[in-house]
Amino acid sequence: MRLMLARASMAISLFLPVYFMVAALGVKFGLWTWQVGLMTMTLQFGLPLFGVSLILGLVALITSLVRKPRTGWRMALVGVLVPVVALGFLATVQLRSSGIPPIHDVATDIVDPPVFSTAVMSARQAVQANPVEAMTASMGSLKAYQGPAFAGIAGKTLGQVGHDAYPAVRPLTLAAAPAKVAAAAEAEAKAQGWKVVTSDPAAGVVEATAETFWFGFKDDVAVRIRPSATGGSVVDVRSTSRVGLSDLGANAKRIEAFLAALKVRAAAG
């Protein structure tokens, strides 16, 4: 009986990672919606399964060790460690996200941000994506941020919240001419693994869509290159998630990484 319990504990704990991968990849490949894959399969059912697996593993481990012959304790230990590691990771993510504002739209220029083309907006509307709000809109006026949970940011604009949280997300000034920077921006967007939607070097515009590996979440990115007052170029970027309320800082990290790589690429010619 103890051995059977230990085997069951290990089997369930090893099944859980497969379950979560299926939930995520099912969204990516269009087998079900992100609401089903993330909200239902992962959060509603997946997290309680980790708790059940942990309890079962602890019971199996204790019963395997209390009396001889102490068989099956290694399998039971696996049944404990897998959910412990998983829950620890989730706790780390939760702790990290506690200091991140619940926004999903970040831009380097919050007064005159890059705008998305009709093609990108149509693609967003086709999947009922998050609305692209004005950076000057107050958080309290936005439908998604109604309620006491957002009272701390209600008086700020969307752009201000992003700039306060991500001080490194600012326009990039380069010595190279706009046409050269635009070509480098397109090349870097492809190097980042984004799907380029629009490339217009003459207008200084590059648009692309970034996609996450697991759930296939898509974020739209607009890059704008303008002549600077000193004869070089000023690069602005806006990155906006299609789904979800908080991006856990993903859009800001994307912009920072892109601008850092673009600076090197433009300098290298």
Side-chain angles (χ1 to χ4, degrees), residues 1-104 127-130 144 147 149 192-193 195 209-219 241-254 257:
M1 179 65 181
R2 289 182 298 164
L3 188 58
M4 290 178 60
L5 185 61
R7 286 173 176 168
S9 170
M10 184 177 70
I12 292 174
S13 68
L14 293 179
F15 163 76
L16 286 176
V18 177
Y19 171 81
F20 280 97
M21 286 190 288
V22 170
L25 294 178
V27 177
K28 183 180 181 71
F29 294 111
L31 299 180
W32 42 74
T33 66
W34 71 271
Q35 290 93 336
V36 171
L38 178 61
M39 306 305 293
T40 302
M41 296 179 69
T42 300
L43 299 180
Q44 184 176 343
F45 294 119
L47 295 185
L49 281 175
F50 270 132
V52 171
S53 176
L54 178 58
I55 293 172
L56 182 62
L58 287 172
V59 172
L61 183 60
I62 292 171
T63 56
S64 297
L65 295 174
V66 289
R67 60 188 177 87
K68 297 179 180 179
R70 296 182 175 88
T71 58
W73 69 268
R74 291 181 178 83
M75 290 185 289
L77 183 61
V78 172
V80 171
L81 290 179
V82 171
V84 164
V85 171
L87 291 172
F89 171 75
L90 292 175
T92 301
V93 173
Q94 178 66 28
L95 181 63
R96 188 173 69 246
S97 66
S98 63
I100 296 175
I103 60 175
H104 49 263
V127 295
Q128 298 180 324
N130 291 324
Q192 296 281 335
K195 179 181 178 181
T209 300
E211 182 176 317
T212 63
F213 176 79
W214 285 112
F215 284 91
F217 291 139
K218 294 182 179 180
D219 299 341
S241 302
R242 293 191 182 184
V243 300
L245 186 65
S246 174
D247 64 5
L248 300 180
N251 285 298
K253 290 179 182 178
R254 179 180 297 113

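Starting from 1, each residue takes its place in the sequence as its number.
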Locate the shortest heavy-atom distance separating Pro83 from Phe50; write the atom from each residue and the value.
-> CB-O, 3.6 Å

Could you give me the CA-CA distance, side-chain angles and deciding distance for Asp247 and Asp219, then say whether side chain to side chain contact (heavy atoms under 4.5 Å, CB included) is met?
-> CA-CA 10 Å; Asp247 64 5; Asp219 299 341; 5.8 Å; no

Identify the heavy atoms of Ser246 and Pro102 that sit nearest to each other, and give their distance.
-> CB-CA, 3.7 Å

Here the gap from Leu77 atom CG to Leu58 atom CG, rounded to the nearest 0.5 Å, amounts to 10.0 Å

CG-OG distance between Leu49 and Ser13, expressed to the nearest 0.5 angstrom | 12.0 Å

Can you find a pair of side-chain heavy atoms, one from Val27 and one from Leu38, that are under 4.5 Å apart?
-> no

State, with a plain yes or no, whether a side-chain heavy atom of Ile12 is found less than 4.5 Å away from one of Leu56.
-> yes

Scanning both residues in full, the closest heavy-atom pair of Phe215 with Ala23 reads CE2-O, 4.2 Å

Between Met10 and Met75, the two heavy atoms sitting closest are CB-O, 3.5 Å

Aromatic plane relationship, Phe217 with Trp34 - under 30° parallel, 30 to 60° tilted, over 60° perpendicular | perpendicular

Does one side chain, of Ser241 or Asn251, offer a donor that lies under 3.5 Å from an acceptor on the other?
-> yes

Closest non-hydrogen atom pair between Lys28 and Phe213, with its separation = CD-O, 2.9 Å

From Leu25 atom CG to Trp214 atom CH2, the distance as rounded to the nearest 0.5 Å = 5.5 Å

With rounding to the nearest 0.5 Å, note down the distance linking CG in Leu87 to CD in Gln94.
-> 12.5 Å

Considering only heavy atoms from C-beta outward, does the side chain of Leu16 approach that of Ser53 to under 4.5 Å?
-> yes

Leu5 to Val59 - nearest heavy-atom pair and separation | CD2-CG1, 3.8 Å

Under 4.5 Å between any side-chain heavy atoms of Thr209 and Arg242, yes or no?
-> yes

Within the side chain of Thr42, is there an N or O that forms a donor-acceptor pair under 3.5 Å with the backbone of Met39?
-> no

Any side-chain heavy-atom pair of Gln192 and Arg254 under 4.5 Å | no

How many angstroms lie between CZ in Arg70 and CZ in Arg2, if you round to the nearest 0.5 Å?
-> 9.0 Å

side-chain contact (heavy atoms from CB on, under 4.5 Å) partners of Val36, counting only residues at least two apart | Trp32, Thr33, Met41

State, with a plain yes or no, whether a side-chain heavy atom of His104 is found less than 4.5 Å away from one of Val243.
-> no

Check: Gly244 main-chain N/O paired with Asn130 side-chain donor or acceptor under 3.5 Å | yes

